[in-house]
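As structure tokens, the structure follows; a few thoughts come after it.
Within every chain, numbering begins at 1; the chains are lettered A, B, ... in the order of the sequence lines, protein sequences first and strands thereafter. Quantities reported herein were computed from a predicted structural model and do not represent experimental measurements. These values consider heavy atoms only, across backbone and side chains, with no hydrogens, waters or symmetry-generated copies.
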There are 2 protein chains.
Amino acid sequence: MTAAANQSGRRPTTSRRLERAGIRDVAAAAGVSITTVSDALNGKGRLPEETRSRVREVAERLGYRPSAAARTLRTGRSGLIGLTVTTYGEEPFTFTEFAYFAEMARAATSAALSRGYALVVLPASSRHDVWGNIALDGTVVIDPPDQDPLVSELYRSGVPVVSDGKPGNCPVTAWVDNDHEAAVLNILDHLSEAGARRIGLLTGTSTDTYTRLSTEAYLDWCRRVGQEPVYETYPAHDPAAGAVAADRLLARPDRPDAVYGLFDPNGTDLLAAARRYGMRVPDDLLLVCCSESDVYAGTEPPITTLSLKPRRIGTTVVNLLIDAIEGVDSGTGVDVGRLFPPRFRTASAGPPPGTLMPTELIVRASSQRRSPRTTVSPPRLPGEV
Amino acid sequence: MTAAANQSGRRPTTSRRLERAGIRDVAAAAGVSITTVSDALNGKGRLPEETRSRVREVAERLGYRPSAAARTLRTGRSGLIGLTVTTYGEEPFTFTEFAYFAEMARAATSAALSRGYALVVLPASSRHDVWGNIALDGTVVIDPPDQDPLVSELYRSGVPVVSDGKPGNCPVTAWVDNDHEAAVLNILDHLSEAGARRIGLLTGTSTDTYTRLSTEAYLDWCRRVGQEPVYETYPAHDPAAGAVAADRLLARPDRPDAVYGLFDPNGTDLLAAARRYGMRVPDDLLLVCCSESDVYAGTEPPITTLSLKPRRIGTTVVNLLIDAIEGVDSGTGVDVGRLFPPRFRTASAGPPPGTLMPTELIVRASSQRRSPRTTVSPPRLPGEV
DNA sequence: AGGGGTAGAAGAACCGTTTCTCCATGAGAC
DNA sequence: GTCTCATGGAGAAACGGTTCTTCTACCCCT
């Protein structure tokens with residue numbers, strides 16, 4: 001074993017496969033201690049600038065990259081944030097179905113990155129061992145169901161949790177949501193002003209906050225203005241069911257003359273259904289749906305959409321989470337209030353702080369009856385105006 | 001300090017904040033050594049089933065979760081896989097623009113999860129410190145540009161890299177791609193059979209493999225059949241530019257009677273442009289575009305699309321990567337060939353193994369002139385045959 | 001009875017950092 | 001001259017697991 005042939009401390013030279021340079025190698029090469037290397041590279045300690053730069057240079061020359069695992073172990077921070085999306089059915093998670101998620105995740109990733117964190121995508125339903133095997137500094141959950149056991153466990157074990165969507169019953173550090181009531185009310189008023197007499201709703205069967213709040217706001221509005229509710233529900237995760245529900249809605253005897261669809265694909269589904277029933281949009285049917293997709297700018301006619309501004313939500317959620325991670329020493333109460341006043345979970349006192357964000361209604365032809373294109377004229381040729 | 005009040009080894013009782021239980025706590029509670037706990041929980045060592053279950057039970061009771069950081073430090077495996085997407089312009093990465101990415105990422109996440117790994121989303125352009133701060137077992141790169149410095153550095157430092165998209169010049173462990181040549185040729189033949197006389201192409205200005213191979217295949221085909229190429233290029237990351245390019249293509253004096261658009265939004269853009277120019281689809285213009293979106297099933301008319309089958313790609317890429325991670329001990333040649341024949345980078349000998357996967361053409365009304373609705377129209381615009 | 005094999009479990013090194021503590025040294029104050 | 005204090009830097013203890021090695025019985029065989 002050729003003992004006593006050590007090189008830089010204690011590592012035996014046996015089978016010296018060319019591994020990445022460690023902090024000890026840098027220290028040896030620079031002729032200083034590992035303490036000095038660490039301090040120099042992290043801008044800590046009391047070192048003259050000359051030493052610092054020399055160490056930096058040696059580290060650079062050796063291609064030194066500190067071990068993330070070791071740093072995480074020592075400091076307790078991994079720089080990793082979980083992103084949990086609610087799951088439906090077979091596939092681990094929906095992502096594409098709703099452009100909202102994709103946009104939101106994208107903004108969240110971006111926001112995290114700019115503060116030095118990275119996002120780990122983790123379906124809520126994934127194997128427990130995967131969750132346990134990752135050192136997470138905090139987690140973003142999207143629309144957690146009531147009493148989500150995963151969220152509860154995370155929160156209990158001291159990991160900050162910020163949710164997109166007002167949480168039902170699970171404890172979270174903070175939450176962000178759109179003002180869904182206001183959004184729905186605004187849409188219904190908008191449709192009324194455009195001349196709608198009977199406004200229908202296409203909604204979902206699930207119990208998530210978005211669906212529930214929106215539907216309740218619709219029912220409230222109906223009560224207030226004295227309209228009989230006209231709505232159809234379907235499992236929102238099933239794209240085929242949406243088309244069927246749209247059809248059902250327009251096939252009713254009390255057929256509505258305006259419809260708001262809560263989910264992204266409702267716009268095209270309703271448009272197709274309207275065509276099948278010979279209804280012209282917006283002349284016979286006013287249409288609005290909630291969507292982040294810009295295909296609705298190009299449909300015939302273009303469809304008015306409600307945007308939940310997912311980028312804004314994603315950014316806000318992540319920033320709140322990182323504030324919580326960095327401001328509070330997560331859990332035991334130690335260090336609380338050193339930098340921050342006790343804004344975040346002083347000791348689970350009171351409800352978690354929530355933020356409501358406005359939505360944006362993008363008005364297009366489908367919800368404006370006074371549109372200039374009065375008749376069924378065929379598409380205009382390039383020459384005409 | 002109340003010395004000699006230690007509890008389970010060496011941790012001083014001083015300031016015993018209620019931390020998560022460690023392996024030592026479990027060992028103490030179960031009356032065994034930490035070795036035994038580790039072995040029992042990981043199914044190693046020689047232990048009677050009785051001891052195993054007892055330890056498991058105690059661990060469960062204490063809510064013990066092994067520290068991911070510590071395990072990673074010791075074993076050298078983090079269970080984390082990076083997912084790098086090419087970036088354009090300001091925003092960290094495109095994700096929604098191309099449903100392809102979203103679908104692919106989703107499938108990749110799913111495949112990784114089912115093998116016990118999680119995905120970390122990391123734009124190639126993100127701050128270097130973020131990359132350095134994460135212990136990655138391997139990385140998936142989507143469509144790396146030639147000579148990507150990031151990929152090179154990763155590969156050099158021993159991290160397995162599998163790319164979606166045949167890599168230009170950067171070394172990778174393996175790669176997966178669609179058979180783009182075959183796909184384009186197939187589409188052009190399909191359009192020819194449907195009666196196209198002059199097929200145009202809407203393509204991009206960037207130099208990624210997809211754009212390059214597809215365009216070259218188109219030009220080759222033109223040469224072979226003796227058609228003058230008719231194409232317009234635009235920066236694919238700019239959605240507005242796409243509409244303009246579509247317009248340009250149909251405004252040309254040598255206006256094509258069929259168009260293939262390489263990017264997702266081209267379908268709607270071309271449809272809109274055709275309307276503007278009074279061209280009917282498919283009567284005056286045959287249309288195909290590459291897209292994963294199912295909105296093209298509902299447009300008027302429905303548009304034929306080429307699917308790159310991103311789920312299949314994502315799954316394959318991840319499985320190849322994990323095979324490489326688990327089969328080969330990354331880099332030094334040690335352990336190579338214990339389980340696997342030297343399929344993956346024996347010692348950087350020869351080109352990395354690549355896999356070509358087929359695409360799928362989803363034929364809809366926009367590319368079939370023999371549709372029953374054809375009767376009413378004068379077939380060709382630009383004069384006679 | 002002695003020796004070898006094996007089951008069951010404990011000891012301790014090690015993974016690569018960060019960070020707390022402490023030690024020289026030299027300059028200025030008295 | 002000694003005391004203090006600041007400066008520059010080294011030593012070594014964590015962090016919390018995994019795993020290689022060793023140790024002790026105990027049983028079986030000859």
Taking only distance into account, with no hydrogens and no angle test, what donor-acceptor pairs under 3.5 Å do side-chain atoms of residues 26-36 of chain B form with protein atoms, sequence neighbours excluded?
| from | atom 1 | to | atom 2 | distance (Å) |
| --- | --- | --- | --- | --- |
| B/Ser33 | OG | B/Thr35 | N | 3.4 |
| B/Ser33 | OG | B/Thr36 | N | 3.2 |
| B/Ser33 | OG | B/Thr36 | OG1 | 3.1 |

Is any side-chain N or O of A/Thr36 closer than 4.0 Å to OP1 or OP2 of D/dA10? yes

Criterion side chain to side chain contact (heavy atoms under 4.5 Å, CB included) against B/Val162, the qualifying member of B/Asn319, B/Leu321, B/Thr316: B/Leu321

Bend of the helix from C/dA1-D/dT30 to C/dC30-D/dG1 from end-axis comparison, five pairs per end, nearest 10°, comes to 60°

In whole Å, I'd like the distance from the CG atom of B/Leu47 to the P atom of C/dA7. 12 Å

Does B/Arg115 pair with B/Glu326 as a salt bridge, N-O distance under 4.0 Å? yes

Tell me which residues in residues 52-71 of chain A lie within less than 4.0 Å of DNA chain C, going by non-hydrogen atoms. A/Tyr64, A/Arg65, A/Pro66, A/Ser67, A/Ala70, A/Arg71

A/Asp39 meets the side chain to side chain donor-acceptor pair (under 3.5 Å) criterion, sequence neighbours left out, with none

Partner residues of A/Ser152 under the side-chain contact (heavy atoms from CB on, under 4.5 Å) criterion, sequence neighbours left out: A/Arg156, A/Cys170, A/Pro171

Candidate nucleotides D/dG9, C/dA10, C/dA9, ranked by approach to the side chain of B/Ser33 - the nearest: C/dA10

Name the pairs: protein N/O against N/O of nucleotides 19-24 of chain D, kept only if under 3.5 Å.
| from | atom 1 | to | atom 2 | distance (Å) |
| --- | --- | --- | --- | --- |
| D/dT19 | OP2 | B/Lys44 | NZ | 2.7 |
| D/dT19 | O4 | B/Thr35 | OG1 | 3.3 |

Rounded to whole Å, the CZ-C1' distance (B/Arg24 to D/dT18) equals 11 Å

Tell me the interatomic distance from B/Leu73, atom CG, to D/dT18, atom P, rounded to whole angstroms. 11 Å

Side-chain N or O of B/Thr51 versus OP1/OP2 of C/dA9: is the shortest distance under 4.0 Å? yes

How many Å lie between CG on B/Asn133 and P on C/dT18, as a whole number? 9 Å

Non-neighbouring partners of B/Arg56 that pass salt bridge (charged side-chain N to carboxylate O under 4.0 Å, His left out), sequence neighbours left out: B/Glu49

Partner residues of B/Arg71 under the side chain to side chain donor-acceptor pair (under 3.5 Å) criterion, sequence neighbours left out: A/Asn133

According to side-chain contact (heavy atoms from CB on, under 4.5 Å), who are the partners of B/Ala69, at least two apart in sequence or on a separate chain? A/Thr72, A/Leu73, B/Ser67

Can you name the residues that form a salt bridge (charged side-chain N to carboxylate O under 4.0 Å, His left out) with A/Arg52, not counting sequence neighbours? none

Whole-Å distance, A/Glu49 CD to D/dT7 P, equals 15 Å

Salt bridge (charged side-chain N to carboxylate O under 4.0 Å, His left out) partners for A/Glu57, two or more places apart: none

Taken in chain and number order and not counting sequence neighbours, the residues that satisfy salt bridge (charged side-chain N to carboxylate O under 4.0 Å, His left out) with B/Glu60 are none

